[in-house]
Amino acid sequence: MNYWLLKSDPETYSWDSLAKDKTTIWDGIRNYQARNNLQLMKKGDIALFYHSNQGMNIVGQVIVSKEAYNDPSTDDLRWYVIDITLDQKFPKTIALSEMKSNSKLQNIGLIKQSRLSVMPLTIDEYFEIYNICNLK
DNA sequence: GCCAACGTTGGC
DNA sequence: GCCAACGTTGGC
């Protein structure tokens with residue numbers, strides 16, 4: 001089991017859209033590093049869902065429901081997609097500013113490489129965020 | 001709306 | 001293979 005973080009501009013595809021769809025194809029990745037990460041994702045892996053530009057916070061988590069396959073929205077065989085399925089909306093969100101000031105989260109791609117849209121998390125990083133988002 | 005960071009493209 | 005020019009992303 002591995003842990004990931006997926007970034008989405010809510011103007012393009014928001015958590016609310018996923019809440020209606022339940023499962024969606026994660027397409028449009030046109031960056032090699034993000035693509036390489038996509039290809040490493042296994043069915044059952046968990047990904048935190050981050051809203052960029054508007055919100056700038058983590059709102060919930062999803063499960064990888066189908067592993068990487070060729071992006072059907074293009075003939076270009078370089079690009080891949082996965083399917084994700086809604087898992088859980090968090091009771092509490094965590095903002096980018098909170099993550100930036102959390103000493104345990106200084107190495108996550110969100111902070112170190114702000115343009116990367118698919119990135120791995122360590123187990124410790126994942127649970128640090130998960131626990132904050134589920135605090136009573 | 002601005003701009004830093006970064007990726008891509010194309011001329012040489 | 002280098003690098004300037006350009007485009008895009010995303011935080012502020």
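Note that the coordinates shown come from a computational prediction; the quantities given were computed from them, not determined experimentally. Chain letters run A, B, ... following the sequence lines, proteins first and then strands; every chain starts at 1. Both backbone and side-chain heavy atoms feed into the values below; hydrogens, waters and symmetry mates do not.
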Report the distance from atom CD of A:E11 to atom P of C:dG10, rounded to the nearest whole Å.
12 Å

Can A:E67 and A:K43 be counted as an ion pair, charged N to O under 4.0 angstrom?
no

Among the nucleotides C:dG11, B:dG7, B:dT8, which one has an atom lying closest to any side-chain atom of A:Y32?
B:dT8

Atom CG of A:N57 to atom P of C:dC12: distance rounded to whole Å?
13 Å

Atom-to-atom span, CD1 of A:I111 to P of C:dT9 - whole angstrom:
21 Å

Without hydrogens or angle criteria, can the side chains of A:D21 and A:Y13 be said to hold a donor-acceptor pair below 3.5 Å?
yes

Whole angstroms only, please: what is the NE2-C1' distance between A:H51 and C:dG11?
16 Å

With respect to the phosphate group of C:dC12, does any side-chain polar atom (N or O) of A:K100 fall under 4.0 Å of OP1 or OP2?
yes

Contact class for A:D9 (heavy atom, under 4.0 Å): base, sugar-phosphate, or nothing?
nothing

Within the pair A:Y50 and C:dT9, is there a side-chain N or O less than 4.0 Å away from OP1 or OP2?
no

From CD1 of A:I29 over to C1' of B:dT8, roughly how many Å is that when rounded to an integer?
17 Å

Of the nucleotides B:dT8, B:dG7, C:dG11, which one has an atom closest to the side chain of A:R115?
B:dG7

Under 3.5 Å, is there a donor-acceptor pair linking the side chains of A:Y130 and A:Q61?
no

Scan A:L116 against the nucleic acid and name what it touches under 4.0 Å (heavy atoms): base, sugar-phosphate only, or nothing.
nothing

Nearest-angstrom distance from the residue atom CH2 of A:W79 to P of B:dG7:
12 Å

Looking only at side-chain atoms of A:Q113, point me to the closest of C:dG10, C:dC12, B:dG7.
B:dG7

Expressed in angstrom and rounded to an integer, what is the separation of A:N53 atom CG from C:dG10 atom P?
6 Å

Quick one: does A:L6's side chain get under 4.5 Å of A:L48's, heavy atoms only?
no

Value in whole Å for how far the P atom of C:dT9 lies from NZ of A:K7:
11 Å

From OH (A:Y80) to CG (A:D71), nearest 0.5 Å:
10.5 Å

